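Encoded as structure tokens, the structure appears first; notes follow it.
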Amino acid sequence: MGGAFLIFGPPGAGKGTQAPRLAARLGVPHVATGDMLRANVKGGTPLGIEAKSAMDAGELVSDDLVVRMLGERIAAPDAADGFLLDGFPRNVAQAEALDALLAARGRPLDCVLVLDVPEEEVVRRISGRLVAQNGRIYHELYDPPASPGIDDEQGLPLERRPDDEPDVVRNRYRNVYLAQTLPVRDHYRAAGVLEIVVDGTGSTAAVAERLDAALPA
Ligand code: AMP
């Protein structure tokens, strides 16, 4: 189907859990700046080395670095008909940079999909989050792997993200999400971009069903 989509919500809203399947359904690549940055940190690239300290502290990596990385990604051939952005833009300056990139392609953002989850639920989810090497996300209680601590698909150990520690989560929610990222939603509302709000509470399957129902087929 194609189109430029953005999945929006606080850390722990379920963006990374829902986006891969949703992107496949929309027929566009899933473009997650957090995943791209973590891959660079793991690979020890210059970009990863520059980004790591901000990421570990739950702060935003510099706009310059992230906008350049995103610009290169959406210029790739597989993103020619669109993409599902996850974790970008994180502030209004990034949203303006994205507007310029999209204007150059002659195609604005089609839709902002908001996953609506209250703060207490976000904190509960993040405190049990475990991540596989390939990016698949589990939860110790809500979506556990078959054997504790082991990825069902590849059999490798699951990891906890360094920025999922409770103090860092609070910083990410209050000082980053509420103060810097939430205004991005107003930015797109003011621009008249279609906004679809989906209740992000409950099971992965329930949220997936709501997303499917909310999106034009
Ligand atoms: P995420 O996986 O989306 O929660 O991102 C993890 C971390 O990567 C964030 O807490 C930031 O440190 C960094 N990051 C991801 N996307 C961005 C972005 N668009 N701008 C700045 N930093 C980002």
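Order of appearance sets the numbers: ligands from 1, and atoms from 1 within every ligand. As the structure is a computational prediction, the values presented were derived from the model and not from experiment.
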*Should Thr33 be counted as touching ligand 1, given the test is an N or O pair under 3.5 Å?*
yes
Closest to atom 20 (N) of ligand 1 (heavy atoms only, candidates Arg172, Glu59, Gln94) is Gln94
- Query: Are the side chain of Tyr138 and the backbone of Asp152 linked by a donor-acceptor contact shorter than 3.5 Å?
  - Reply: yes
In ligand 1, the atoms that come under 4.0 Å of a heavy atom of Val66 are 18 (C), 19 (N), 20 (N), 21 (C)
Chi angles and distances behind the side chain to side chain contact (heavy atoms under 4.5 Å, CB included) call for Val112, Ile196: CA-CA 6 Å; Val112 176; Ile196 298 179; over 6 Å; no
The atoms of ligand 1 lying under 4.0 Å from a heavy atom of Phe88, numbered in the order shown, are 19 (N)
query = Are Asp35 and His30 close enough that a side-chain donor and a side-chain acceptor fall under 3.5 Å?
reply = no
Cut-off 3.5 Å, side chains only: do Asn134 and Glu153 have a donor facing an acceptor? yes
(Q) If we count only N and O atoms by modelled type, under 3.5 Å, do the side chains of Gln180 and Asn175 hold a donor and an acceptor together? (A) no
Closest heavy-atom approach to atom 9 (C) of ligand 1 among Arg90, Met36, Lys15 is made by Arg90
Short version for Arg161: what comes under 4.0 Å of ligand 1, heavy atoms counted, is side chain
(Q) Side-chain heavy atoms nearer than 4.5 Å, only ILVMFWY residues, links allowed to pass through others: does that put Leu22 and Leu194 together? (A) yes
Decide whether Phe5 and Val193 are clustered together by the hydrophobic rule: side chain heavy atoms of Ile, Leu, Val, Met, Phe, Trp, Tyr closer than 4.5 Å, transitively.
no
In this structure, atom 22 (N) of ligand 1 is nearest to the protein heavy atom Val61 N, 3.0 Å
**Prompt:** Does Glu165 pair with Arg160 as a salt bridge, N-O distance under 4.0 Å?
**Reply:** no
Counting heavy atoms under 4.0 Å, the part of Leu60 that contacts ligand 1 is both
Within the 4.0 Å heavy-atom cut-off, what Leu37 brings close to ligand 1 is side chain
Is there a polar contact, in the sense of an N or O pair closer than 3.5 Å, between Pro89 and ligand 1? no
Filtering Met55, Met69, Arg38 for the heavy atom nearest atom 2 (O) of ligand 1 leaves Arg38
